[in-house]
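None of these values were measured; they are calculated from a predicted model.
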Amino acid sequence: MKTAVAATITTALPAQPQHEAPRAKVGEKKNREVDSDARVILHFDYDCFYASVIENAHPALRTRPLGVRQKSILATCNYAARARGVRKLMPVTQARAACPDLVVVCGEDLAPFRDASRRLWAFLRGAVAGARTERLGLDEVFLDATAAVAYNRALLNPNALHDSFFHLSAQDPERGFTFDATRFAGCVHPPPGGQGEQHAGSGAAVLDDPVRVRLMLASHLAGYLRRRLEDDFGYTSSGGISTNKVLAKLAGSINKPRNQTTLLPVQGEITIQEFLDAYQIREIPGIGSRTSSLIADHLFPPGKAARAGGQEPEQQTPSGITVRDVLRHPDMSPALLNRILDRPGAERGGGKKIWNLLHGVDASEVKEAGVAPTQISVEDTYMARPLNTVPEVLRELHALATSLVRRMRLDLTTAAEELGDPCSAGSAGLPPRTQQKRRWLAYPKTLRLSTYAHPGKSGSASPTSIPSISRISRSQPLPSFALDLGRPCAEVAERLVREALLPLFRRLHVGRAAGWNLALLNVCVANMVPVATDDGNGGGAAGGRDISRMFRTQGERLREWSAWEDDTTTATTASPSLSPPRGGNGIIDGEAEDGAAANGGSEGTNDVEDAGSASAGTEVWAADDGDSDSDVGWEDEDGASVAQQRCAACGHAVPIFAMSAHERFHAMGD
DNA sequence: CAGGGTCTAT
DNA sequence: ATAGACC
């Protein structure tokens, strides 16, 4: 049946062009590596992610200006706060000055963010058969939808474009959504209407340009996925749709909160290049601060004439140098960039890579990440009061080691499914009180300790531009007792400190017995070795995702889509609900405790005082927990109210989609 | 500045 | 094994 549907529609369509000629590209004659527009890449960026996680756990905060604090700065803030002048990375004091009733929540424990990120990612990776997904940090995801888009393009019926159906799986024809193929979903850049552009509405005319059709289809896919992220999980996002990663990401930033943009490369380089030209080079993903300043310094040597903008000698940070400035520079070429960027440790084809990025060319693939991380690290900074004595260092090492061991157990183990033991068949109710048996998915071979000395004190370096003399590290094999699941985290951690971390510390700081002025400690495990499993593929890196490889070649994609193995198992097991075995606090408690803790001394005080005297902080928490309702009703865009449930634990009214997140926070606090 | 994380080059 | 660059 399923195949019948597909086959019918397929044969009703004219055969696909065997190969679409790649557009001519900058530097095409030199090099074949320039990417054709063959791919379709989506980029998702969850709007102010940390703040959204907090809001989902405490919906009453949604309507209030909210900032998420890490140490003394705001890691992020919601849009209500931004409307009142609060910005990302703004010092807390400054933010409070700008917005006195700002609600500030501590975001130093990343566990809730990590958890939310993983669930959203699990959804995205299971949503589109044959797609590969890559996570960038906690709040961004790339999705290579080339195969799915090709499949759906072949199924398009030119006579019923308004009533199209996007298939998310070739196996299950029911899985998908309807859409209007005569238009794009969301915004398009450059905006329609310019140049000699046809209006998109005119029937099959739209189908003429293959790249355009693919991106149109992809825009609907992105729109659908974003809607589900919002409706099912409570997370709004910004989406970018284009033909490679760098363009997709840039596209997504054009229309920021809760919107999406499809970047059309179709009018040839001119459009794309004009679009890119105005960006400061630092804003191009893949061009970091180091590269930017090397280029800026070369083009406009410091101490010489002012720049095009005629600005004052600003910080060298944003540099003001635009893509156009670089590309218009006399003699500019990949080779010149290579020379500019050449330094010990520099990437080999570095100049060419930057050159390509500046032209919107990016051949890098969307890398499907493994289930297990390749590295786990835990760190804390001590800018306000650097560490100088052995007892201080020991105390911090112990704290770090404890959370490291906890993280290892959380992220590197999985519930052990006893293969020959169907005892656990009644799995709905786990055996009460018994520890869930866990098994290592992968284990780290290496333990590393890094430190870095306070820049301002005694170790004089120019604090502004060069963070060069920063981290130093030593590593050694991870002792095997670290993998002992039978002992409490704290016990393992203690032994780890004594037998491994302290020796590493001595190796790092030979000579001085004290007085290191340490502003940072980082403990890390790395070099993960996948543990073999019975299911045929190693539990680690690429496990189980090889199948997506099958969809890469154009010629075979249809057949492969039809041959797609049932992916429902992967989809459902992809969202592991590891119950957090943490004894920690909810975020709110964490904030209160943070302020009261003896630990920091310096930065906690502000929060406590503010919370106590200034109305904002505590009031909200109190109202949030106890008083069930001054609650502003939940409304969606049109003002219709959103279905809510009462939380059994706290009685708070919570939108249904947010309930699971809300409950998790209770679970963590208890 | 924060707290992580990934990849690359020696 | 260690550092650097990017996010």
Side-chain angles (χ1 to χ4, degrees), chain A residues 43 45 49-50 67-76 87-95 106-114 117-118 121 134-142 245-246 249 253 281-294 317 341-350 353-354 357 364-365 367-370 372-384 400 403-404 407 411 445-452 454-456 463-464 466-477 504 507-508 519-528 541 603:
Chain A
H43 178 255
D45 188 332
F49 181 57
Y50 286 12
V68 181
R69 173 180 69 80
Q70 284 176 337
K71 299 297 181 190
S72 57
I73 63 168
L74 293 186
T76 190
R87 295 287 170 261
K88 278 181 168 183
L89 303 187
M90 186 179 264
V92 175
T93 53
Q94 198 178 322
C106 177
E108 285 167 23
D109 178 2
L110 300 189
F113 310 130
R114 225 179 262 122
S117 175
R118 232 177 318 193
W121 182 53
E134 174 183 352
R135 235 182 352 161
L136 190 58
L138 293 182
D139 68 339
E140 294 177 38
V141 173
F142 287 103
K245 292 210 289 181
V246 76
K249 182 165 175 169
S253 63
I281 55 177
R282 181 62 238 271
E283 299 177 304
I284 305 297
I287 303 182
S289 57
R290 190 76 179 117
T291 302
S292 297
S293 69
L294 281 173
T317 332
L341 302 176
D342 187 34
R343 64 200 185 277
E347 207 173 329
R348 277 175 281 111
K353 199 185 84 181
I354 299 300
L357 288 176
S364 68
E365 290 200 16
K367 292 171 299 279
E368 181 75 38
T374 64
Q375 168 194 338
I376 298 175
S377 78
V378 176
E379 70 186 40
D380 206 347
T381 51
Y382 317 93
M383 289 305 295
L400 291 174
S403 66
L404 180 68
R407 286 273 312 280
D411 296 347
K445 274 193 321 199
T446 307
L447 176 71
R448 178 165 62 234
L449 175 67
S450 315
T451 67
Y452 121 83
H454 202 296
T464 42
I466 302 179
S468 60
I469 318 174
S470 55
R471 275 160 121 103
I472 54 176
S473 68
R474 294 294 181 266
S475 48
Q476 64 159 61
L504 283 173
R507 277 214 274 147
L508 270 171
L520 173 140
L521 287 180
N522 175 299
V523 181
C524 170
V525 287
N527 257 318
M528 309 302 187
E603 74 246 356

dC6(C) OP1/OP2 closer than 4.0 Å to side-chain N/O of T291(A): yes
Spacing of R448(A) atom CZ relative to dT2(C) atom C1', expressed in whole Å: 8 Å
Sugar-phosphate only, base, or nothing, as touched by L138(A) at under 4.0 Å among non-hydrogen atoms: nothing
E134(A) side chain vs K367(A) backbone, donor-acceptor pair below 3.5 Å: yes
Sugar-phosphate, base or nothing in reach of P285(A), heavy atoms under 4.0 Å: sugar-phosphate
Protein-nucleotide distance (K245(A), atom NZ; dC6(C), atom C1'), rounded to Å: 12 Å
Reported OG-to-CD1 distance for the pair S293(A) and I281(A), which is rounded to 0.5 angstrom: 8.5 Å
Where protein sits on nucleotides 4-10 of chain B, one letter per nucleotide: B base, S sugar-phosphate only, - none, heavy atoms under 4.0 Å: SSB-SS-
Sugar-phosphate, base or nothing in reach of K249(A), heavy atoms under 4.0 Å: sugar-phosphate
Interatomic distance where CZ belongs to R290(A) and P belongs to dG4(C) [whole Å]: 10 Å
Whole angstrom value for the distance that separates C1' of dA5(C) from CD1 of I354(A): 10 Å
Check ion pair K245(A)-E365(A) (N to O, under 4.0 angstrom): no
Side-chain touch V523(A)/L447(A), heavy atoms, less than 4.5 angstrom: yes
For V378(A) against S403(A), the heavy-atom pair lying closest together: CG1-OG, 3.2 Å
L341(A) CG to dG4(C) P, straight-line distance once rounded to whole Å: 17 Å
Below 4.0 Å: OP1/OP2 of dC1(B) and any side-chain N or O of Y382(A): no
Shortest non-hydrogen contact between D139(A) and F49(A), atoms and distance: CB-CB, 3.5 Å
Nearest atoms (heavy-atom pairs only) where T446(A) meets N527(A): OG1-ND2, 2.8 Å
Euclidean distance for P, dG4(C) against dC1(B) (whole angstrom): 16 Å
Short side-chain N/O contact to dA1(C) OP1/OP2 from S473(A), under 4.0 Å: no
Sugar-phosphate, base or nothing in reach of I284(A), heavy atoms under 4.0 Å: sugar-phosphate
Whole angstrom value for the distance that separates P of dG3(B) from CG of L521(A): 12 Å
Short side-chain N/O contact to dC1(B) OP1/OP2 from T381(A), under 4.0 Å: no
Atom-pair distance (CD on Q476(A); P on dA1(C)), nearest Å: 10 Å
Rounded distance (Å) that lies between atom P of dC1(B) and atom CD1 of I73(A): 9 Å
